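Note sheet for the following structure.
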Amino acid sequence: MFTIGAVLAREALSAADHRDGRRVLPGDVAWLTGLKLIAHPVLVWLLGRGAILAGLPLAEASLAVLVLVAALPSAANASMLAERFGADNGRIAAVILVSTVLGFFTFTVVAQLV
């Protein structure tokens, strides 16, 4: 959380200076968070289910673990990678923050379904 706070604070300062002209759009954060918290676990479940149906040695318990890991919120180290590779840190930090907050609810739902 410290990393997220530091990145958000730095982005707020740079936005006040209007140096780079980038800003975080709520729509961007919403669809990226949706991809991470909803589409990612669904895709992992579909691929795992397909692997089981194809006869690959994937146990149901292993598939459940894979889906639960996919349902976790975005990791804080994503902001460090974004910093390293010059990505939009404000957007990444916002996605991490929103996915962490919403992840409390979505992870619980996924855990009940799996």
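Just so it is clear, the structure is predicted and the values come from calculations on it, not from any experiment.
Separating the CD1 atom in Ile92 from the CG atom in Leu81 is a distance of 9.5 Å, to the nearest 0.5 Å. With values rounded to the nearest 0.5 angstrom, Leu63 atom CG is found 10.0 Å from Leu47 atom CG.
Leu37 and Leu68 fall into different hydrophobic clusters, where Ile, Leu, Val, Met, Phe, Trp and Tyr side chains are chained together by heavy-atom contacts under 4.5 Å. Follow the hydrophobic side-chain contacts under 4.5 Å out from Val42 and you reach Val110 in the same cluster. Ile38 and Val44 fall into different hydrophobic clusters, where Ile, Leu, Val, Met, Phe, Trp and Tyr side chains are chained together by heavy-atom contacts under 4.5 Å. In terms of hydrophobic clustering, with Ile, Leu, Val, Met, Phe, Trp and Tyr side chains grouped at heavy-atom distances under 4.5 Å, Phe107 and Leu113 are assigned to different clusters. Connection of Leu66 to Leu46 is established within a shared hydrophobic cluster, with ILVMFWY side chains joined at heavy-atom distances below 4.5 Å, either directly or through further cluster members.
In terms of heavy atoms, Ala71 sits closest to Pro41 at CA-CG, 3.7 Å.
With Lys36 contributing its side chain and Leu72 its backbone, the two residues share a donor-acceptor pair below 3.5 Å. Between the Ser99 side chain and the Ser74 main chain, a donor and an acceptor come within less than 3.5 Å of each other. Listed for the His40 side chain is no donor-acceptor partner under 3.5 Å among the backbone atoms of Leu35.
Applying the salt bridge (Lys or Arg N to Asp or Glu O under 4.0 Å) definition to pairs two or more places apart or across chains, those involving residues 45-61 are Arg49-Glu60.
In summary, of the residues considered (Val98, Thr106, Val101), a side chain to side chain contact (heavy atoms under 4.5 Å, CB included) with Thr33 occurs for Val98 alone.
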